[in-house]
Enquirer: 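First, the structure itself, so that you have it in front of you.
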Amino acid sequence: MAKVQFYPLDVVYKVVNNRTQIYLFGRTTDNKQICVIDENFEPYFYVLTKQIEDVQEKLVKIRVERDEDVSSVTKTEVVHKKLLSKETDAIKVYTKLPRDVPVIRDVIKEWEMIDSIHEYDIQFTRRYLIDKSIVPSTLVEVEGSEVNHKFRVPVFKADKITSLGDESLREPRVLAFDIETYNPDGESIQPEKNPMLMVAFYGEGLKKVITWKKFKTKSKEIEFADDEAGLIKRFKEIIREHQPDILTGYFSDGFDIPYIKTRAEKHKIKLDLGLDLSEVKVKAGKADTSKITGIVHLDIFKFIFKVMRGSLDTDSYKLDAVASELLGQKKKKVDLDKLAGIWDNKPEELERYCDYNLQDSFLTYELCKKMFPTLLELVKIVGLPIYAVNRMGFSQLVEGYLLKQAQQFNEIAPNKPHYDEISKRKMNTYKGAFVFEPKPGLYKDIVIFDYRSLYPSIISSHNISPGTLNCSCCEGEAETTPGEKEHKHWFCKKIKGFVPTIIGDLITRRMRIKEIIKKKEDKFLSARDQALKLLANSFYGYLGFFGARWYSIECARSVTGWGRFYIQDVISKARKNDFNVLYSDTDSVFLALGEKTRKDAEKFLEAINLGLPGLMEMEYEGFYPNGIFVSAKEGPYGAKKKYALMSEDGSLKIKGFEAVRRNWSFIAKEVQENVLNIILKENDTEKALTYVKTVVKELRNKEIPLDKVVIHTKLQKELGSYDAVGPHVAVAKEMKNKGVEIGIGSMVRYVVTSGTGRIRDRAKIPEDVKDKDYDFDYYINNQVIPSVEKIFEVLGFTKEELLRTKEQRKLERFFG
DNA sequence: CAGGGGCGGGG
DNA sequence: GTGTACGCCCCTG
């Protein structure tokens with residue numbers, strides 16, 4: 001008997017000789033790859049019934065023949081469990097193989113003596129991890145012996161397997177890759193038809209591009225293969241030699257891996273990268289996935305897109321945009337549309353494309369390294385394999401975590417809703433958060449408070465849980481959710497619910513970590529803090545999500561109901577204390593100090609906190625010497641979620657001035673930013689006004705360079721399929737006539753030139769515009785003025801006043 | 001305004 | 001295969 005300690009990274013199961021085997025792939029503490037086989041786990045599910053003995057008797061008699069197999073129940077036992085906090089006896093029904101579970105369930109679901117069947121659709125590997133308390137990436141000890149197996153790594157058969165706790169593999173061996181393909185201008189991507197041209201790798205001690213068109217180069221990083229088949233073979237070899245724990249790509253689930261797989265099939269090459277010699281599994285569909293047994297295929301794009309989206313500023317998730325925001329680094333600039341032509345006719349120019357390819361793999365590697373700590377912390381909390389967590393959205397993460405915790409709390413999981421139930425749930429809507437309409441204006445000395453983790457702390461403090469809802473024991477005793485006249489929802493005062501217990505645990509863990517980080521920065525603890533925050537903040541959405549097992553619209557409604565109550569409570573108390581309430585959204589209030597001091601505000605905050613229950617707390621978010629709120633597009637009402645603030649260090653916090661984005665000219669964006677700066681930082685309305693007038697004059701005199709008036713718009717569909725010909729479509733057509741390949745996704749740049757008639761007839765390719773022949777009226781009236789109109793309105797100036805020139809003012813004075 | 005359809009990322 | 005399939009934005013009836 002031997003002992004091995006290792007960090008499991010991937011889990012699969014197989015049925016071998018009619019036995020179910022769990023395979024755990026990972027890295028040992030002495031840094032070797034290993035596979036551990038565990039045969040000591042049986043599939044099971046739960047049956048709820050009032051006639052336990054009768055049902056047990058009938059269950060064990062079931063025989064379903066299928067091909068040469070017989071599905072049957074191997075044993076049953078009665079267990080005491082809870083379902084939504086209600087105590088109940090349940091029959092735990094065991095089968096021989098995982099695939100027997102749905103078969104048996106199909107037989108018994110019609111039995112009238114059965115109330116419900118549960119946990120019949122929990123993936124076998126997940127069930128295994130939960131029941132054995134094994135958390136992927138954290139240390140596990142195995143007792144057993146090495147066995148002979150034709151795998152790429154040593155195989156160990158487990159007699160006993162124990163989790164050793166929290167310590168995890170922090171620096172896994174990561175290999176990033178990226179491919180370039182042959183894709184003639186304007187053609188869509190066709191893996192069946194067009195070959196892969198090059199592959200780049202970036203990893204520890206490895207930096208390499210392989211391509212199969214030879215050209216002269218001094219680069220040591222470029223390697224040549226004979227043909228595409230040779231390239232694919234090298235792709236396989238390099239991964240095998242490098243032995244990564246993680247193979248990462250950017251959108252590699254949807255592009256790189258499926259592409260390579262298709263090309264490999266063309267050449268009748270097996271893409272057998274799995275550590276068990278299995279082939280890469282590509283699942284095509286609405287959400288493509290690519291899995292390699294034993295190696296974690298990590299699509300870093302998917303993680304960033306699904307989980308980090310809310311925390312990023314960029315609204316494009318292209319590698320270039322994401323890398324610039326997260327790494328401060330960009331892609332190499334090459335014209336990819338020309339690659340196919342250069343490949344065919346000018347191979348001597350290919351080196352630039354190799355560099356480009358290599359840079360992409362480098363950025364992918366760096367992104368993976370940067371994001372991995374957060375992903376890993378989610379893995380450790382949720383307890384599922386890295387591969388799975390990488391591809392999960394927030395509700396899946398919450399549900400994964402709840403399923404794991406359910407085992408600890410002896411709760412049986414509610415079932416997933418079926419189609420008709422989903423449609424019913426989708427019909428249910430409820431009121432959301434409270435947003436206070438601001439009075440447009442310029443304000444001084446603004447203090448912002450916000451509730452720390454408002455919704456999670458409400459769930460915890462008000463015991464909001466599907467199992468504690470409207471309990472008979474507290475009817476009339478417990479407070480009902482405020483602000484809901486049609487719905488009476490209350491939550492048990494005696495029994496603490498499953499969801500509040502769990503979320504309370506997340507909140508307190510997070511508080512402890514924050515205390516530590518405050519004293520000393522720590523990359524891994526910050527990642528854990530972020531993971532805990534992401535997860536806790538997802539519970540409210542989960543409760544109202546139609547696909548959730550622990551769905552409860554009553555709970556979701558109560559969360560927002562209490563949320564509105566608490567924020568409105570602060571607003572009315574602030575007013576009683578003579579603060580001027582400027583704005584409020586969901587969990588924050590903006591107060592103008594007026595005659596009061598910051599000390600007064602702090603005292604007020606303390607008083608508020610004394611009155612809050614449980615884990616609820618209001619925090620001091622910040623002080624801003626100046627701020628501006630503008631009115632909505634129509635009418636004198638304040639625009640919600642649209643304001644700008646200046647911090648004491650002079651930096652601006654601009655929210656929701658969304659009109660100025662991609663498809664606006666640079667000059668409009670620039671003027672807006674500058675105006676906000678002048679107003680908030682220098683407090684000089686006259687200067688801002690003069691500045692705008694100057695820009696308007698410069699536009700009239702064509703003193704503004706052409707590149708500042710270029711408008712960028714992306715083609716959203718194929719050129720031929722546009723019904724409405726907007727300016728960008730007209731220009732795209734013109735480009736096409738000139739031989740430029742243009743299609744879906746192409747960025748169209750244009751300038752509106754002078755003249756009369758439709759804008760689209762005057763939109764021109766910037767390069768074709770001579771002598772700054774842009775239509776200054778258009779840029780003044782449709783770009784620059786609209787971008788600042790609302791700001792000046794707040795300051796008491798109308799659009800007309802912005803446009804008025806000195807001469808006009810003189811005339812006005814003259815005519816009185 | 002509800003409901004269907006298509007896109008995102010990748011070359 | 002303890003199947004299964006996202007979520008947002010735009011367009012249309």
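Reckoned from all heavy atoms, side chains included, excluding hydrogens, waters and symmetry mates. All chains are named by letter (A, B, ...) in the order of the sequence lines, taking the proteins before the strands, and each is independently numbered beginning at 1.
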Enquirer: Looking across every strand, which nucleic acid part, if any, lies under 4.0 Å from D360(A) by heavy atom: base, sugar-phosphate, or nothing?
Expert: sugar-phosphate
Enquirer: Choose from dG11(B), dG7(C), dG1(C) the nucleotide whose nearest atom is closest to any side-chain atom of K283(A).
Expert: dG1(C)
Enquirer: So what does L197(A) touch, heavy atoms closer than 4.0 Å: a base, only the sugar-phosphate, or nothing?
Expert: nothing
Enquirer: Grab the NZ-P distance between K318(A) and dG9(B) for me, whole Å please.
Expert: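 Atom-to-atom, K318(A) to dG9(B), this comes out as 6 Å.
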Enquirer: List the steps, then state whether ring pair (Phe, Tyr, Trp, His ring centres under 6.0 Å) holds for F251(A) with F255(A).
Expert: CA-CA 6 Å; F251(A) 197 55; F255(A) 179 71; 7.4 Å; no
Enquirer: Just to be sure I understand the geometry, which residues of residues 247-260 of chain A put a non-hydrogen atom under 4.0 Å away from DNA chain B?
Expert: Y250(A), F251(A), F255(A)
Enquirer: Quickly work out the R126(A) CZ to dG1(C) C1' distance and round it to whole Å.
Expert: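 Between C1' of dG1(C) and CZ of R126(A): 14 Å.
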Enquirer: S395(A) side chain: which of dG7(C), dG9(B), dG11(B) is closest?
Expert: dG7(C)
Enquirer: Expressed as a whole number of angstroms, how long is the span from L312(A):CG to dG9(B):P?
Expert: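 So the CG-P distance, L312(A) to dG9(B), works out to 12 Å.
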Enquirer: Which pairs, with at least one residue in residues 94-104 of chain A and sequence neighbours excluded, count as a salt bridge (Lys or Arg N to Asp or Glu O under 4.0 Å)?
Expert: D69(A)-R99(A)
Enquirer: Taking NZ from K302(A) and C1' from dA5(C), how many angstroms apart are they, rounded to a whole number?
Expert: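 Interatomic distance, NZ of K302(A) to C1' of dA5(C): 12 Å.
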Enquirer: For a quick check of understanding: with a heavy-atom distance under 4.0 Å over all strands, which category does F45(A) fall into, base, sugar-phosphate or nothing?
Expert: nothing
Enquirer: Using the salt bridge (Lys or Arg N to Asp or Glu O under 4.0 Å) criterion, which residues pair with D227(A)? Sequence neighbours excluded.
Expert: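 With neighbours one apart ignored, the set is empty.
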Enquirer: So what does K426(A) touch, heavy atoms closer than 4.0 Å: a base, only the sugar-phosphate, or nothing?
Expert: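 Contact class for K426(A): none.
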Enquirer: Rounding to an integer number of Å, can you tell me how far F394(A) CZ sits from dC6(C) P?
Expert: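 Between P of dC6(C) and CZ of F394(A): 16 Å.
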Enquirer: Taking atom types as modelled, find out whether Y356(A) and K331(A) have a side-chain donor-acceptor pair closer than 3.5 angstrom.
Expert: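 On atom types as modelled, these side chains qualify, holding a pair under 3.5 Å.
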Enquirer: What stems, by residue range, does DNA chain B take part in, given at least 3 consecutive Watson-Crick or G-U pairs under 3.5 Å?
Expert: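 For DNA chain B the paired stretches long enough to count as stems (3 pairs minimum) are B:1-8 with C:6-13.
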Enquirer: Sequence neighbours left out, what passes salt bridge (Lys or Arg N to Asp or Glu O under 4.0 Å) with E119(A)? Give chain and number order.
Expert: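 Checked E119(A) against salt bridge (Lys or Arg N to Asp or Glu O under 4.0 Å); matches are R127(A).
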Enquirer: So, is K331(A) close to the dG11(B) phosphate, meaning a side-chain N or O under 4.0 Å from OP1 or OP2?
Expert: yes
Enquirer: Using only side-chain N and O atoms of Q396(A), determine if any of them is under 4.0 Å from OP1 or OP2 of dG7(C).
Expert: no
Enquirer: Provide the distance between the two C1' atoms, one in dC8(C) and one in dG11(B), to the nearest whole Å.
Expert: 24 Å
Enquirer: Taking only Lys NZ, Arg NE, NH1 and NH2, and the carboxylate oxygens of Asp or Glu, determine whether K332(A) and D360(A) approach each other closer than 4.0 Å.
Expert: no
Enquirer: Between Y542(A) and Y551(A), is a side chain to side chain contact (heavy atoms under 4.5 Å, CB included) present by the stated rule, with each step listed?
Expert: CA-CA 7 Å; Y542(A) 175 82; Y551(A) 169 86; over 6 Å; no
Enquirer: Between dA5(C) and dG1(C), how far apart are the two C1' atoms, rounded to whole Å?
Expert: 15 Å
Enquirer: Spell out, as yes or no, whether a donor-acceptor pair under 3.5 Å connects the side chain of R19(A) to the backbone of V15(A).
Expert: no
Enquirer: Output the rounded distance in Å from NE2 (H418(A)) to P (dT4(C)).
Expert: 13 Å
Enquirer: In this structure, how many angstroms lie between the P atom of dG8(B) and the CG atom of D320(A), rounded?
Expert: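 To the nearest whole Å, that distance equals 17 Å.
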Enquirer: May I ask you to say what F301(A) touches in the nucleic acid, namely base, sugar-phosphate or nothing, with a heavy-atom cut-off under 4.0 Å?
Expert: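 Since only primed, P, OP1 and OP2 atoms lie under 4.0 Å of F301(A), the category is sugar-phosphate.
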Enquirer: Roughly how far apart, to the nearest Å, are dC6(C) and dG10(B) at atom P?
Expert: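 To the nearest whole Å, 22 Å.
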Enquirer: Please check this pair: side chain of K426(A) against backbone of F546(A), looking for a donor-acceptor N/O pair closer than 3.5 Å.
Expert: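 Pair absent, no side-chain N/O of K426(A) close to backbone of F546(A).
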Enquirer: Can you list every salt bridge (Lys or Arg N to Asp or Glu O under 4.0 Å) pair that touches residues 294-311 of chain A, not counting sequence neighbours?
Expert: D253(A)-K302(A)
Enquirer: In whole angstrom, what separates R352(A)'s CZ from dG11(B)'s C1'?
Expert: 16 Å
